[in-house]
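Below is one structure; the comments refer to it alone.
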Protein chains: 2
Amino acid sequence: MGWDTEATRQKLLAAAIDEFAQRGFAGARIQDISKKSGCNRERIYFYFGNKEGLFEAALIQALSTTLDSTSVIGSGVQSVIDFAVTYFDFSQAHPNLARLTFWEGLERGVAVGPTERSLRAQAKVEEIRYALGLNDVAVAQNLLLTIVTLSNSLLVTENIAEVILGAEQKELRKATFIQAVRAIVLEASRA
Amino acid sequence: MGWDTEATRQKLLAAAIDEFAQRGFAGARIQDISKKSGCNRERIYFYFGNKEGLFEAALIQALSTTLDSTSVIGSGVQSVIDFAVTYFDFSQAHPNLARLTFWEGLERGVAVGPTERSLRAQAKVEEIRYALGLNDVAVAQNLLLTIVTLSNSLLVTENIAEVILGAEQKELRKATFIQAVRAIVLEASRA
DNA sequence: TCTATCTCCAACTAAACGTTTGGAGGCGGT
DNA sequence: ACCGCCTCCAAACGTTTAGTTGGAGATAGA
């Protein structure tokens with residue numbers, strides 16, 4: 001087998017996604033990433049310049065491999081609710097993207113690669129708008145923002161759920177999510 | 001003026017709340033906290049033991065001085081919506097608590113001082129339950145969790161709002177919040 | 001005034017951090 | 001066989017970090 005420089009890049013990125021998702025930018029350790037990846041520390045600087053470049057690459061990679069996994073299928077109120085639940089379940093199963101997004105919001109403030117992400121988001125907005133037959137784009141935007149925000153946040157801040165829901169019951173969180181989503185989707189489709 | 005050891009503690013805590021809220025636990029610098037507070041680094045270890053002790057004390061302090069600032073006034077659907085909007089505005093004006101809560105969720109995972117916080121949360125839950133005349137506690141819990149989660153999250157993750165809502169329009173975020181809250185409160189009061 | 005306590009200050013330790021460097025060897029194309 | 005790129009490894013760079021220490025001055029109460 002010959003050199004596979006792309007594989008090295010991917011191994012580094014995968015390890016970086018895990019590490020950054022778990023500990024954030026300030027908490028992540030370059031050494032741990034290189035150890036997890038099985039590659040050398042020095043390769044990180046060769047391929048990504050520095051820690052920040054690696055973070056941005058990892059975030060973009062996580063977005064790319066995740067956002068396309070969920071779509072609105074069919075039309076009507078239930079189709080959007082199904083989409084929301086699918087998104088919730090997917091985030092639950094693959095928490096890296098949600099966590100990375102929150103780290104980005106807290107540590108960076110501004111989004112990485114905003115224009116491309118905006119395009120993808122608008123595509124999802126249109127899916128929702130079409131499924132519900134909405135005239136107003138803003139309503140669909142609000143829906144998507146609420147769904148994504150709630151889903152991510154319920155996943156990431158177990159501490160709040162722990163405090164409000166009492167014992168640590170993950171099923172209750174999902175029930176909270178579904179209840180809220182059902183209400184806002186119904187309300188939106190009514191308008 | 002004589003010694004005022006409590007003032008020293010408070011100055012350190014205030015500076016710590018700012019610093020931790022802004023940069024998180026891993027990102028916060030003890031030296032910056034001491035500089036902001038005007039007190040000596042060494043006082044931190046005298047009063048709080050170590051960085052982690054300071055973080056916990058800061059979080060508890062921020063919770064104490066914030067959570068009691070908002071209550072459900074009156075009864076009916078509108079009273080709960082008003083409460084949510086008040087909470088949203090308060091968080092917007094004082095982002096420290098929301099940010100600290102997210103840092104806690106991301107970096108720690110588990111809540112600091114869960115029992116006391118649970119008690120306070122349950123009090124708020126009862127306010128909501130009473131205002132809407134709900135029989136089921138779980139519905140009121142879901143409401144509070146959704147309100148707090150959405151409010152905090154919309155405040156903290158400007159990156160998501162930026163991507164979905166396009167340009168950076170804070171007013172739109174508030175509209176999203178109110179729209180969602182109205183829907184879920186109405187739905188809950190119907191049940 | 002004596003004593004105990006609080007505060008500041010500056011220097012220090014020991015470790016960890018991101019990043020760089022140089023060298024040795026593996027591999028593909030020519 | 002040669003050359004250039006890729007990879008690994010280990011050591012080192014300089015900086016920054018959390019945390020410690022010892023001393024000097026200020027303050028309160030007795």
Side-chain angles (χ1 to χ4, degrees), chain A residues 1-62 99-100 103-104 106-109 112, chain B residues 1-61 100 103-104 106-109 112:
Chain A
M1 268 298 142
W3 290 126
D4 195 345
T5 89
E6 190 57 26
T8 305
R9 258 184 66 101
Q10 291 302 322
K11 282 191 288 184
L12 283 172
L13 274 180
I17 288 174
D18 275 349
E19 175 79 359
F20 282 129
Q22 197 159 7
R23 310 198 196 280
F25 183 78
R29 302 297 163 218
I30 291 281
Q31 193 163 358
D32 292 353
I33 292 175
S34 88
K35 197 166 291 181
K36 276 188 202 170
S37 74
C39 306
N40 196 265
R41 269 217 300 288
E42 173 259 345
R43 288 289 93 187
I44 290 174
Y45 300 94
F46 179 79
Y47 283 117
F48 305 100
N50 54 19
K51 192 181 183 183
E52 196 170 338
L54 180 61
F55 180 81
E56 295 182 9
L59 185 54
I60 290 174
Q61 168 90 351
R99 292 182 62 89
L100 281 175
W103 289 118
E104 183 194 35
L106 281 169
E107 298 189 296
R108 280 197 142 238
V112 175
Chain B
M1 269 298 140
W3 292 124
D4 194 345
T5 88
E6 190 56 24
T8 305
R9 257 184 67 100
Q10 291 303 322
K11 283 191 288 183
L12 283 172
L13 274 181
I17 289 173
D18 275 349
E19 175 78 359
F20 282 130
Q22 199 160 8
R23 310 198 194 281
F25 182 79
R29 300 298 163 219
I30 292 281
Q31 191 162 358
D32 292 353
I33 293 175
S34 87
K35 197 166 290 181
K36 275 187 200 169
S37 73
C39 307
N40 196 265
R41 263 215 313 287
E42 173 259 345
R43 290 289 93 187
I44 291 174
Y45 299 96
F46 180 79
Y47 282 117
F48 304 101
N50 55 18
K51 193 182 182 183
E52 196 170 337
L54 180 61
F55 180 82
E56 295 182 8
L59 185 55
I60 290 174
Q61 169 90 350
L100 281 175
W103 289 118
E104 182 195 36
L106 280 169
E107 298 190 296
R108 281 197 141 239
V112 175

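Quick note on labels: first sequence line is chain A, next is B, and so on, each numbered from 1.
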Integer-rounded Å distance: C:dT20 P and A:Arg43 CZ: 13 Å
B:Tyr47: side chain to side chain contact (heavy atoms under 4.5 Å, CB included) partners, not counting sequence neighbours: B:Thr5, B:Thr8, B:Arg9, B:Leu12, B:Arg43
Pairs under 3.5 angstrom only: tabulate donor-acceptor contacts from the side chains of residues 52-62 of chain A to other protein residues two or more places apart or in another chain.
unit_1: A:Glu52; atom_1: OE2; unit_2: A:Arg108; atom_2: NH2; d: 3.3
unit_1: A:Glu56; atom_1: OE2; unit_2: A:Arg108; atom_2: NH2; d: 2.4
unit_1: A:Gln61; atom_1: NE2; unit_2: A:Gln10; atom_2: OE1; d: 2.9

Residues touching DNA chain C, which here means a heavy atom under 4.0 Å, drawn from residues 29-38 of chain A: A:Arg29, A:Ile30
Nucleic acid contacts - residues 7-21 of chain A versus DNA chain D, non-hydrogen atoms under 4.0 Å: A:Thr8
Any residue meeting side chain to side chain contact (heavy atoms under 4.5 Å, CB included) with A:Ala7, in chain and number order, not counting sequence neighbours: A:Asp4
Derivation and outcome, side chain to side chain contact (heavy atoms under 4.5 Å, CB included), residues B:Trp103 and A:Glu107: CA-CA 10 Å; B:Trp103 289 118; A:Glu107 298 189 296; 3.4 Å; yes
Whole angstrom value for the distance that separates P of D:dT17 from CD of B:Glu52: 19 Å
Touch class at under 4.0 angstrom, heavy-atom based, for B:Phe48 against every strand present: nothing
side-chain N/O A:Tyr45 vs D:dT7 OP1/OP2, d < 4.0 Å: no
Sugar-phosphate only, base, or nothing, as touched by A:Ala26 at under 4.0 Å among non-hydrogen atoms: nothing
Under 4.0 Å protein heavy-atom contact, by nucleotide of nucleotides 10-15 of chain D - B base, S sugar-phosphate only: -BB---
Salt bridge (Lys or Arg N to Asp or Glu O under 4.0 Å) contacts touching residues 16-40 of chain B (sequence neighbours left out): B:Glu19-B:Arg23, B:Glu19-B:Lys36
